[in-house]
Amino acid sequence: MLKIRSMLLWLFVLSFLLAVSTGCVWKNHVAENDKKLANPPVPVNNPSSDLVKKADRGQKGVSFQVVTNPEIIPVLVNKRNKLPKSYQPLDLIFPDIPFTFKEKLEKRKMRTKAASAIEELFAAAKQQNVTLLGVSAYRSHATQENLFKYYVNLDGYEAARTYSAIPGTSEHETGLAIDVTGGNGKCAAEACFEGTPEASWLQDHAAEYGFIIRYPKGKDTITGYKYEPWHLRYVGKAIAQDIMSRSITLEEYLDVTPVNK
Ligand SMILES: [Zn+2]
């Protein structure tokens with residue numbers, strides 16, 4: 001009888017200890033997650049696990065990773081890394097810069113930080129006698145979807161995806177990218193923008209305002225795009241200066257798999 005009682009007592013003590021210890025572990029786990037929520041991780045060296053988790057298979061066997069933290073400034077969006085379908089930037093505003101058109105259209109919009117940075121960049125260029133015009137900035141998921149559908153109807157899926165971004169994979173959907181051109185409005189988002197004084201000013205100075213030339217010359221196997229001297233992407237000053245001074249791409253900076261591998 002005494003034996004049974006002491007065994008029961010031991011069992012009680014053991015289960016109490018077990019409950020306390022798992023409680024502590026669980027508590028720490030919650031605290032850790034809270035910290036993560038308060039300070040979302042900013043990718044530095046190998047953020048691919050933070051940035052992308054779910055695999056997604058598009059039409060015709062094209063596979064994508066769905067970006068899990070689309071709101072962070074250095075977010076990676078390319079032909080392999082797709083924004084979630086429901087993603088819409090919450091802080092879009094109209095930057096106070098001239099565009100090639102007068103209307104107040106959606107494509108003038110940018111996220112707040114990128115908008116004030118592009119205002120500074122345009123003002124600095126003007127001071128150095130370089131006049132710039134915006135061509136196209138934000139594009140909503142719905143707009144990109146309609147555009148892509150239009151091209152698919154016209155040329156078929158395979159052809160369309162060689163010249164138009166599959167919905168979710170265009171950087172313009174982040175609100176952090178903008179196509180620009182020179183003050184005369186010629187060569188807007190066209191190859192003839194290469195070699196213009198405006199293109200070389202951007203190459204030399206964009207990083208001072210937090211922008212990179214997102215698709216540099218000779219890096220198309222890494223970025224998935226040919227040289228686009230007009231496509232600026234806001235990543236913040238520190239990252240932009242690092243990327244531009246080392247002549248690398250966002251993919252190389254984030255140490256992720258090249259797009260065409
Ligand atoms: Zn662009």
Side-chain angles (χ1 to χ4, degrees), residues 67 70 73-83 87-89 92 94-95 97-101 105-111 113-115 117-119 121-122 125 132-148 150-151 160-182 185-196 198-203 205-207 209-220 222-236 239-240 243-244 249-251 253 259-260:
V67 173
I73 294 294
V75 60
L76 177 72
V77 175
N78 62 19
K79 290 178 180 177
R80 282 172 173 253
N81 296 281
K82 201 178 180 185
L83 288 165
Y87 179 64
Q88 214 186 339
L92 292 169
F94 288 100
I97 55 162
F99 275 77
T100 50
F101 52 90
L105 304 175
E106 172 192 87
K107 62 181 178 178
R108 278 181 184 258
K109 288 182 175 178
M110 293 188 90
R111 287 186 61 191
K113 279 187 179 169
I118 201 71
E119 287 171 359
L121 182 148
F122 269 48
L132 296 168
L133 291 174
V135 176
S136 182
Y138 174 65
R139 200 176 298 151
S140 69
H141 190 85
T143 304
Q144 186 64 32
E145 207 156 51
N146 289 335
L147 195 70
F148 191 71
Y150 169 80
Y151 289 130
R161 74 187 191 91
T162 64
Y163 61 83
S164 177
I166 291 173
T169 70
S170 167
E171 264 203 341
H172 287 273
E173 291 175 53
T174 63
L176 299 167
I178 181 168
D179 296 332
V180 300
T181 193
K186 288 181 191 163
C187 298
E190 283 177 47
C192 60
F193 185 59
E194 183 181 350
T196 61
E198 292 87 357
S200 49
W201 189 90
L202 289 169
Q203 178 70 38
H205 298 285
Y209 306 92
F211 288 90
I212 55 169
I213 307 294
R214 178 68 176 90
Y215 309 119
K217 202 169 194 172
K219 298 271 189 174
D220 42 324
I222 300 171
T223 63
Y225 287 92
K226 290 209 169 74
Y227 183 36
E228 288 195 4
W230 59 85
H231 179 108
L232 304 178
R233 161 65 199 276
Y234 183 72
V235 288
I239 298 179
I243 288 179
M244 293 301 282
T249 60
L250 185 59
E251 281 79 8
Y253 176 80
V259 167
N260 291 339

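Along the sequence shown, residues are numbered consecutively beginning with 1. All ligand and atom numbering here is 1-based and tracks the order in the structure.
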*asked:* Donor-acceptor check, side chain of Thr181 to backbone of Lys186, threshold 3.5 angstrom: yes or no?
replied: yes

*Considering just N/O/S atoms, say which atom of Asp179 is closest to the Zn ion (ligand 1).*
OD1

*So is Lys79 actually on top of Tyr225's ring, under 6.0 Å and inside 45° of the axis?*
yes

*Mark yes or no for whether His172, through its side chain, and Ala137, through its backbone, hold a donor-acceptor pair below 3.5 Å.*
yes

*Starting from the Zn ion (ligand 1), look over the N/O/S atoms of His231 and name the nearest one.*
ND1

*Give a yes or no on whether the backbone of Ile212 and the side-chain of Arg233 come within a donor-acceptor separation of less than 3.5 Å.*
no

*For the Zn ion (ligand 1), does an N/O/S atom of Glu171 lie at less than 2.8 Å?*
no

